[in-house]
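So you know, we letter chains A, B, ... as the sequences are listed, proteins then strands, and number each from 1.
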Amino acid sequence: MKIQKTLKRRLIFKPYEGDPNVVAGVDLSFPSREEGLAVIVLLEYPSMKVLRYVSERVKIRFPYIPGLLVFREGPAFLKAWEKLQVKPDLVVFDGQGIAHPRGIGIASHMGLFISIPTIGVAKSRLYGWHEELPNEEGASVPLKDKFGNTIGYVIRTKKSGKPIYISPGHLIDVESSYRIIKHMTVPGKRIPEPTRIADILTKKLKKGLF
DNA sequence: GCGACAG
DNA sequence: ATCTTGTCGC
């Protein structure tokens with residue numbers, strides 16, 4: 001996509017100084033084929049205590065195509081983002097940051113729109129290569145691009161289970177992303193709190209509960 | 001042309 | 001992502 005190649009040049013990577021105060025987690029569920037339910041949860045850092053959340057139902061027009069996820073879920077996120085009164089210091093997305101074929105996954109793309117540091121936490125690999133990951137909780141190996149540059153990390157947050165793939169989105173670098181994600185991960189849970197809670201809420205809301 | 005392929 | 005109960009493993 002031409003849009004991605006153009007926007008990619010605007011991405012900024014730098015160390016995240018200090019610690020965030022309020023972080024957000026984003027995720028979507030699909031009540032029907034043409035309707036998406038986006039949820040943005042605000043959590044206190046590093047306690048990971050849930051502060052509040054907002055949700056928004058949106059018409060889905062774009063299909064899911066690997067590498068173009070932002071065009072399907074981005075609009076829904078932005079609508080929910082507008083309803084958010086208090087803006088977080090950092091946002092965690094369910095998907096890739098720069099660990100993407102064109103270097104701009106949904107976390108990076110949305111980061112450019114909101115101008116706030118973003119990190120991508122994916123449950124599977126889309127792009128990048130890495131050495132074998134030890135089967136021990138907490139193990140991690142760098143994820144590299146075709147030139148050998150480190151673009152993120154593969155982390156075994158839970159023993160004997162699929163790892164997670166993290167990469168910076170925008171306004172943060174690889175090492176800072178790794179450090180912060182580590183602090184948001186609870187022992188025994190595979191997915192870091194922001195995205196994990198957002199996922200629970202998105203599905204619970206879909207079922208009409210809560 | 002053949003495979004890979006976030007959610 | 002979604003369709004779906006019980007069930008194997010840590």
**Q** Which is more 5' along DNA chain C, the nucleotide nearest A/Lys159 or the one nearest A/Asp27? Just name the residue.
**A** A/Asp27
**Q** What pair of heavy atoms forms the shortest contact from A/Arg33 to A/Ile60, and how long is it?
**A** O-CB, 4.4 Å
**Q** Look at the rings of A/Trp129 and A/Tyr127 and say which category their plane angle falls in: under 30° parallel, 30 to 60° tilted, over 60° perpendicular.
**A** perpendicular
**Q** Is the closest basic N to carboxylate O distance between A/Arg179 and A/Asp19 below 4.0 Å?
**A**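 A salt bridge is present here (some side-chain N lies under 4.0 Å from a carboxylate O).
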**Q** I'd like to know whether NZ of A/Lys14 has more than 12 heavy-atom contacts from other residues, nucleotides or ligands below 6.0 angstrom.
**A** no
**Q** Within the structure shown, what part of the strands sits under 4.0 Å from A/Leu68 by heavy-atom distance: base, sugar-phosphate, or nothing?
**A** base
**Q** On DNA chain C, check which nucleotide each of A/Leu28 and A/Ser160 is closest to and give me the residue with the more 5' one.
**A** A/Leu28
**Q** In Å, rounded to the nearest 0.5 Å, how long is the span from NE2 of A/His100 to CG of A/Leu69?
**A** 8.5 Å
**Q** Step through the shown structure and confirm whether more than 12 heavy atoms of other residues, nucleotides or ligands are within 6.0 Å of CZ on A/Phe13.
**A** yes
**Q** Going by the angle between their ring planes, with limits at 30° and 60°, are A/His183 and A/Tyr45 parallel, tilted or perpendicular?
**A** perpendicular
**Q** Using the heavy-atom set of chain A and a strict 4.0 Å cut-off, write down the first and last nucleotide of DNA chain B that makes it in, 5' to 3'.
**A** B/dA4 to B/dG7
**Q** Runs of at least three consecutive Watson-Crick or G-U pairs, both distances under 3.5 Å, are what I'm after; which ones involve DNA chain C?
**A** none
**Q** Looking at A/Lys182, I'd like to know if its NZ atom is crowded, meaning that more than 12 non-hydrogen atoms belonging to other residues, nucleotides or ligands lie closer than 6.0 Å.
**A**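 Yes - once you tally the heavy atoms of other residues, nucleotides and ligands closer than 6.0 Å, there are more than 12.
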**Q** I'd like to know whether A/Phe113 forms a ring-ring contact (aromatic ring centres under 6.0 Å, His included) with A/Phe77, so could you lay out the CA-CA distance, the side-chain angles of the two residues, the decisive distance to 0.1 Å, and finally the verdict.
**A** CA-CA 11 Å; A/Phe113 272 66; A/Phe77 159 68; 9.2 Å; no
**Q** For DNA chain B, write out the stems as range with range, using runs of 3 or more consecutive Watson-Crick or G-U pairs with both distances under 3.5 Å.
**A**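 So the stems come out as none.
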**Q** Quick one: CG on A/Asp199 to CG on A/Asp27, what's the gap to the nearest 0.5 Å?
**A**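 One gets 4.5 Å once the value is rounded to the nearest 0.5 Å.
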**Q** How close do A/Arg190 and A/Thr157 get, heavy atom to heavy atom, and via which atoms?
**A** O-OG1, 2.6 Å
**Q** Using 30° and 60° as the class limits, which term best fits the ring planes of A/Phe71 and A/Phe62: parallel, tilted or perpendicular?
**A**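 Tilted, since the angle between the ring planes falls between 30° and 60°.
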**Q** Are there more than 12 heavy atoms of other residues, nucleotides or ligands under 6.0 Å from atom NZ of A/Lys159?
**A**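 Atom NZ in A/Lys159 is not packed in, count stays at 12 or less.
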**Q** Report which part of the nucleic acid A/Gly36 touches: base, sugar-phosphate, or nothing (heavy-atom distance under 4.0 Å, all strands).
**A** nothing
**Q** Going 5' to 3' along DNA chain C, which nucleotides are the first and last within contact of chain A (any atom under 4.0 Å from a heavy atom)?
**A** C/dA1 to C/dT2
**Q** For A/Ser108 and A/Gly103, which heavy atoms make the closest approach, and how far apart are they?
**A**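 Shortest heavy-atom contact: OG-O, 4.5 Å.
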**Q** Touch check for A/Tyr64, heavy atoms < 4.0 angstrom, all strands: base, sugar-phosphate only, or nothing?
**A**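 Touches a base.
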**Q** Could you check whether A/Lys203 gets within reach of a base, just the sugar-phosphate, or nothing at all, counting any heavy atom under 4.0 Å?
**A**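 Sugar-phosphate only.
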**Q** Side chains of A/Leu43 and A/Glu193: closer than 4.5 Å at any heavy-atom pair?
**A** yes
**Q** Is it true that, when you exclude A/Arg10 itself, more than 12 heavy atoms of the residues, nucleotides or ligands shown sit nearer than 6.0 Å to its CZ?
**A** no
**Q** Heavy atoms within less than 4.0 Å of DNA chain B: which residues of residues 94-105 of chain A have one? Give them sorted by number.
**A** A/Asp94, A/Gly95, A/Gln96, A/His100, A/Gly105
**Q** How far does NZ of A/Lys123 sit from CG of A/Asp94, to the nearest 0.5 angstrom?
**A** 3.5 Å
**Q** Taking all atoms of both residues into account, what is the closest heavy-atom pair of A/Leu28 and A/Thr202, and its distance?
**A** C-OG1, 3.5 Å
**Q** Please list residues of residues 107-137 of chain A whose heavy atoms come under 4.0 Å from any atom in DNA chain B, ordered by number; otherwise none.
**A**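 Only A/Ala122, A/Lys123, A/Ser124, A/Arg125, A/Leu126 qualify.
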